[in-house]
Trainee: 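Before we start, here is the structure in question, set down as structure tokens.
In what follows, chains are A, B, ... by sequence order, proteins preceding strands, each numbered from 1. All values below come from the heavy atoms of this structure, side chains included, with hydrogens, waters and symmetry mates left out. Nothing here was measured: the structure is a model prediction, and the numbers come from that model.
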2 protein chains.
Amino acid sequence: MLKLSKKSEYALMALQSLGNLAAGERIAVPMLAEQRGIPKDLLAKVMQQLKRAGLVHSSQGVSGGYALARPLTAITFLDAVGPFEEALGLAPCVDRNSEGCDRADCCSLHDPMEALNRWLMAQLSTLSLAEFVAARPPVVHGCVKAPRQPTSMERRPLPCEA
Amino acid sequence: MLKLSKKSEYALMALQSLGNLAAGERIAVPMLAEQRGIPKDLLAKVMQQLKRAGLVHSSQGVSGGYALARPLTAITFLDAVGPFEEALGLAPCVDRNSEGCDRADCCSLHDPMEALNRWLMAQLSTLSLAEFVAARPPVVHGCVKAPRQPTSMERRPLPCEA
DNA sequence: CGAAACAGGACTGAAATGGTCCGATTTAGG
DNA sequence: CCTAAATCGGACCATTTCAGTCCTGTTTCG
């Protein structure tokens, strides 16, 4: 879970690099690809998708290249990664009433999964790339295993409820 | 992202069903599989893994079956789903210093991803299955798209810091 | 002792993923 | 004007992952 695709990884890398550019400056895919050590052709595709998503601007021609459409503080993690995770979000039967799954019959987990998904998306859309790339792992190590005292999902309110 | 595998889905279903059993009662795989409409053999494997993970108890023999090892309030979402998401957690270069990735060179995203992963795992380990299966999606609809005001990942403190 | 359950390895077909290749279009510079 | 270098974008392929099946044990109740 939350195993991001390579495309997502490359997108994050690229956006980070673009964030280091001076105002008005551009960078071309071949250059970027060599710097980060990623396949040129694949990165090209990623950049195209980022453009379609409106996160970057491009200019064609011999001295063309890419630049951020807005600062990293105004791009969320979900923005960056969403275009590449088509199965964006979740799990079992998102594609609701396709086959079977008449609700409450086979798949009584539809609603919970949708709730969890919504929550996750909301969380990831409150994390800007600027914050993300600056993050360092917490010193705590046994963290994942430790807490065995369940709390409510609602205790961390969704941003839109505020 | 967060696209759970079928096994995870089946595990959640099975655990939910097991939660509805009377104390001391068991249910066999063939029965369970038919009730929820999932392939018998696959479910069998899932149950085996759940047993290895210590979430359920099994008894063999002709009237054997499975039962919860502890109540749903004491099983977290991460517990249930973890065993089936080997790529549990995250993304690009978790397998740290395997090839390349000498840190800060190609993959300056290693630390941020690890931080994000830790955070997610921590969150999912504070959600009990009891809460999960009872969850309903919030009425708000434009929720995912709405918030464009980035906040810090640290603002939602990790449980282990408390 | 036999039917029915768990236990678990081996295998297969389909789908997704990462990556490559090639052609078309645009555009700066000589 | 013409070429080199860049963005576009479709087609394609190889490898892996995944869902599902099969088959052979082993346990245990009646």
Trainee: Measuring only between side-chain heavy atoms, which start at C-beta, is B:Leu68 closer than 4.5 Å to B:Leu72?
Mentor: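 Contact flag for B:Leu68/B:Leu72 side chains = yes.
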Trainee: For a quick test of reading the model: is some side-chain N or O of A:Ser58 closer than 4.0 Å to OP1 or OP2 of D:dA6?
Mentor: no
Trainee: Quickly work out the A:Gln49 CD to D:dT7 P distance and round it to whole Å.
Mentor: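 Computing the A:Gln49:CD to D:dT7:P distance gives 16 Å.
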Trainee: In whole Å, what is the span from the CG atom of B:Leu32 to the P atom of C:dA5?
Mentor: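 Nearest whole value for this atom pair: 12 Å.
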Trainee: Could you tell me which residues satisfy side-chain hydrogen bond (donor to acceptor under 3.5 Å, both in side chains) with A:Ser17, sequence neighbours excluded, listed by chain and number?
Mentor: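 Partners of A:Ser17 by the side-chain hydrogen bond (donor to acceptor under 3.5 Å, both in side chains) criterion, ordered by chain and then number, come out as A:Arg36.
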Trainee: Look only at the side chain of A:Ser8 and the backbone of A:Leu4, and say whether a donor-acceptor pair between them is shorter than 3.5 Å.
Mentor: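 No; judged by distance alone, with no hydrogens or angles, the pair does not exist.
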Trainee: Given atom CG of B:Leu43 and atom C1' of D:dG20, what is their separation to the nearest angstrom?
Mentor: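 Checked: the CG to C1' distance equals 13 Å.
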Trainee: Would you indicate, yes or no, if D:dG20 has its OP1 or OP2 atom less than 4.0 angstrom from a side-chain nitrogen or oxygen of B:Tyr10?
Mentor: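 Yes, such a contact exists.
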Trainee: Is the number of heavy atoms from other residues, nucleotides or ligands under 6.0 Å of A:Gln49 CD greater than 12?
Mentor: yes
Trainee: Calculate the interatomic distance between A:Phe84 atom CZ and C:dA16 atom P; express it in whole Å.
Mentor: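 In whole Å, C:dA16 P lies 18 Å from A:Phe84 CZ.
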Trainee: Roughly how many Å is it from CD in A:Glu34 to P in D:dA5, rounded to a whole number?
Mentor: 14 Å
Trainee: Keeping A:Gln16 on the side-chain end and A:Val133 on the backbone end, is there a donor-acceptor pair under 3.5 Å?
Mentor: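 Judged by distance alone, no pair lies under 3.5 Å.
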Trainee: Between P on D:dT17 and NZ on A:Lys3, what's the gap in Å once rounded to a whole number?
Mentor: 7 Å
Trainee: Are B:Phe132 and B:Leu12 close enough that some pair of their side-chain heavy atoms sits under 4.5 Å apart?
Mentor: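 The answer is yes; the side chains approach within 4.5 Å.
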Trainee: Should B:Arg52 be listed as having a side-chain N or O under 4.0 Å from OP1 or OP2 of C:dA7?
Mentor: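 Negative; the distance criterion is not met.
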Trainee: Any side-chain N or O of B:Tyr66 below 4.0 angstrom from OP1/OP2 of C:dA7?
Mentor: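 It does, given that an N or O in the side chain of B:Tyr66 lies less than 4.0 Å from OP1 or OP2 of C:dA7.
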Trainee: Let me know the distance between CD1 of B:Ile38 and P of D:dT21, rounded to the nearest Å.
Mentor: 12 Å
Trainee: Show me the donor-acceptor pairs, under 3.5 Å and distance only, between side chains in residues 50-64 of chain B and residues at least two apart or in other chains.
Mentor:
from    : atom 1 : to      : atom 2 : distance (Å)
B:Lys51 : NZ     : B:Ser58 : OG     : 3.0
B:Ser59 : OG     : B:Arg26 : NE     : 3.1

Trainee: Quick check: on DNA chain C, is the nucleotide nearest B:Gln48 upstream (toward 5') of the one nearest A:Lys7, or the reverse? Name the residue that is more 5'.
Mentor: B:Gln48
Trainee: Tell me, for nucleotides 20-30 of chain C in 5' to 3' order, what letter each nucleotide earns: B for a base near a protein heavy atom under 4.0 Å, S for only sugar-phosphate near one, - for neither?
Mentor: BB----BBB--
Trainee: Using only side-chain N and O atoms of A:Arg26, determine if any of them is under 4.0 Å from OP1 or OP2 of D:dT7.
Mentor: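 No, because none of the side-chain N or O atoms of A:Arg26 sits under 4.0 Å from OP1 or OP2 of D:dT7.
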Trainee: Rounded to whole Å, how long is the line connecting atom CE of B:Met47 with atom P of C:dG8?
Mentor: 13 Å
